2 protein chains.
Amino acid sequence: MTDPAAARRDEILASAAELFARKGIKATTVREIGDAVGVQSGSLYYHFDSKDTMAREILMDFLAAIQDRYAMALAQASDAADALRQLILASLQLTREKPHATTIYQNELAYLREDPRFKEVQAASAEVRRAWLDVIERGAAEGTFRADVSPKVFHRLVRDAVWLSGRWHHAEDDYCAERLADDITSIFLHGFAARPAS
Amino acid sequence: MTDPAAARRDEILASAAELFARKGIKATTVREIGDAVGVQSGSLYYHFDSKDTMAREILMDFLAAIQDRYAMALAQASDAADALRQLILASLQLTREKPHATTIYQNELAYLREDPRFKEVQAASAEVRRAWLDVIERGAAEGTFRADVSPKVFHRLVRDAVWLSGRWHHAEDDYCAERLADDITSIFLHGFAARPAS
DNA sequence: GTCTATATTGAGATAGAC
DNA sequence: GTCTATCTCAATATAGAC
């Protein structure tokens, strides 16, 4: 953990992640990564085989974190609606903890799908999708959720709204991840239309 | 319109848009664009100054189309809820008509913001945002929409869900843009929770 | 208008000194 | 472990023939 070599690796990955998120993997040069870390570009190759290896490591670390967090979230959920809220909250916490990885994942996943070197990323990503669909389909079967909208369509709408929120949500004191999770859950479950006083 | 030179330009832009959407602007090479059109890469420079010029033209054409369509949509809307539905429907129709431009816009806008050569794209994009916010704020003021969720937050959630749907929605006979617009409007206004029989 | 050929730059990656 | 220097290749863009 306090291994200095590992610390350097992490530092490089942190700088690379920020640049990959902002400009895209392809548009980021290894020289820029070196500048951000404060070393020459050649030195990066002592720690990593290639630029793509850095990207793979950032994404796999992110996906592993998602799977961990979802497992914890689902373990403590009572019903389908609560499980949905837990998935939303867990995802928002992850976007806050790993904002750059979130952005890279969102922006480049479709493209990376075409690249066989990123096959493991695809597989992990399919499992994440499964977690959402299980919750949504369970809720639909129980009658908690509407039956007239396809679970797949609903899943994609929530997923995009949740993950993309990392692009614009930068936690302030008065609008934290918990508050945003409440708002998103509330809108997706009960809608934005004003409701007659109950 | 039937000017053959202009037709060639359009053909090049269509191929470029598809590649830009799939791989990103930076990751797409002019050779690939040439291959897709069926000409040598050098020949592209008879029609365009640079690869970036192609990207700018694709995006500006897209933004002009949005502004046109939103103006028409809003002109025929009755109340705020209807206006919201019209904006959603208009956007979905645009994603269907210009799927590649939609994807490029979504994936690369944040990055292009940093590039002064794309300043006009930013300005047009700010106007589009204004159209959404006007409708949402009007609805909130009228009491049609909830007052406990920020218009800006709601705007971003709808916007991301709507535009991103172009990534996964490929109109089939039984699930057309109108149907998807209804589902999205319905979920965002009334929620996904099953409602007691009314 | 498109081709072939090529100038030129920029980027990923490597080698060897320190 | 990092630096300097550089190799190598790929990509944008240009020039001139047809």
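Computed from a predicted structure; not experimentally measured.
- Between F192(A) and F188(B) there is no side-chain heavy-atom pair separated by less than 4.5 Å.
- Geometric assessment of R22(B) against the ring of Y111(A) yields a negative cation-pi assignment under the 6.0 Å and 45° thresholds.
- Atom CG of L44(A) is separated from atom P of dC3(D) by 9 Å (rounded to the nearest Å).
- Counting to the nearest Å, the P atom of dA11(C) and the CG atom of D35(A) are 11 Å from each other.
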Salt bridge (Lys or Arg N to Asp or Glu O under 4.0 Å) for R69(B) and E97(B)? Distances and angles first, verdict last. CA-CA 12 Å; R69(B) 202 67 64 89; E97(B) 290 162 30; 2.7 Å; yes

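- Taking 4.0 angstrom as the limit, Y46(B) places none of its side-chain polar atoms (N or O) nearer than this to OP1 or OP2 of dT2(C).
- Residues from residues 11-21 of chain B with heavy atoms under 4.0 angstrom of DNA chain C: there are none.
- Using cut-offs of 30° and 60° for the angle between ring planes, the H155(A) and W132(A) rings count as tilted.
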A correct 5'-to-3' footprint of nucleotides 13-18 of chain C, with B, S and - meaning base, sugar-phosphate only and no protein heavy atom under 4.0 Å, is BB----

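- The side chain of Q40(A) places no N or O atom within less than 4.0 Å of a non-bridging phosphate oxygen (OP1 or OP2) of dT2(D).
- Distance alone, capped at 3.5 Å, places no donor-acceptor pair between the E137(B) side chain and the D134(B) backbone.
- Within 4.0 Å of T28(B), counting heavy atoms only, lie sugar-phosphate atoms of the nucleic acid but no base atom.
- Counting to the nearest Å, the C1' atom of dT2(D) and the CZ atom of F48(A) are 15 Å from each other.
- Rounded to whole angstrom, the span from the NE2 atom of H47(B) across to the P atom of dG1(C) amounts to 7 Å.
- Partner of F20(B) under the side-chain contact (heavy atoms from CB on, under 4.5 Å) criterion, chosen from L59(B), N107(B), L13(B), I33(B): I33(B).
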